[in-house]
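Would you mind keeping the following structure in view while I ask a few things?
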Amino acid sequence: MKLHVDENKCAGHALCTVIAPDLFEMDDLGKAQVIGEVTDANRLDAEDAMRECPAVAILMAEDGA
Ligand code: SF4
């Protein structure tokens with residue numbers, strides 16, 4: 001699975017970096033960026049971040065999709 005942040009939607013709440021700090025960090029422009037791979041260990045965090053993102057800016061796709 002691959003994560004993607006839609007920078008046009010991201011409003012910079014940084015909530016995702018709190019929920020899944022090994023998957024997201026804020027860039028210099030105040031947008032979230034993906035920094036890690038989704039693994040069995042952090043998949044639930046990734047799904048929580050997607051669900052909790054107020055801007056619905058986090059997408060997850062199958063590898064190769
Ligand atoms: S929670 Fe959503 S809107 Fe907030 S920084 Fe993360 S991706 Fe952007």
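For ligands, and for the atoms within them, numbers begin at 1 and follow the listed sequence.
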Show the atoms of ligand 1 that are less than 4.0 angstrom away from any heavy atom in Ala14.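 So the atoms of ligand 1 that pass are 4 (Fe), 5 (S).
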Considering non-hydrogen atoms of the protein only, which is the closest contact for atom 2 (Fe) of ligand 1, and what is the distance?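 Answer, as residue, atom name and distance: Cys53 SG, 2.2 Å.
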So, for Ala32 and Met26, which heavy atoms are closest and what is the spacing to 0.1 Å?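 Result for this residue pair: N-CE, 3.7 Å.
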For the side chain to side chain contact (heavy atoms under 4.5 Å, CB included) test, which of Val34, Thr17, Asn42 pairs with Leu23?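 The residue from Val34, Thr17, Asn42 that satisfies side chain to side chain contact (heavy atoms under 4.5 Å, CB included) with Leu23 turns out to be Asn42.
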Please find the pair of heavy atoms, one from Met60 and one from Val38, that lie closest to each other, and give the distance.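 Of all heavy-atom pairs spanning Met60 and Val38, the closest is SD-CG2, 4.1 Å.
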Using a strict cut-off of 4.0 Å, indicate which atoms of ligand 1 neighbour a heavy atom of Ala55.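 In order of numbering, the contacting atoms are 3 (S).
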Under 4.0 Å to a heavy atom of Ala32 - the qualifying atoms of ligand 1, by number: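 Every atom of ligand 1 under 4.0 Å from some heavy atom of Ala32: 5 (S), 6 (Fe), 7 (S).
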How many angstroms lie between atom CD1 of Ile35 and atom CG of Leu3, to the nearest 0.5 angstrom?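 Here the interatomic distance stands at 11.0 Å.
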Atoms in ligand 1 with a heavy atom of Cys16 nearer than 4.0 Å: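 Near Cys16, the atoms of ligand 1 are 1 (S), 5 (S), 6 (Fe), 7 (S).
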Do Val5 and Met1 land in one hydrophobic cluster if side-chain heavy atoms of ILVMFWY residues count as linked below 4.5 Å?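 Val5 and Met1: one cluster.
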Close-contact set for ligand 1 against Leu15 heavy atoms, below 4.0 Å: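 Ligand 1 atoms under the 4.0 Å threshold to Leu15: 1 (S).
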So which heavy atom in the protein is nearest atom 8 (Fe) of ligand 1, and how far is it from that ligand atom?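 Result: Cys10 SG, 2.3 Å.
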Residue part near ligand 1, for Ile58, under 4.0 Å between non-hydrogen atoms: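 The side chain, only.
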Could you tell me which non-hydrogen atom of Phe24 sits nearest to which non-hydrogen atom of Ala49, and how far apart they are?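 Closest approach of Phe24 to Ala49: CE1-CB, 3.7 Å.
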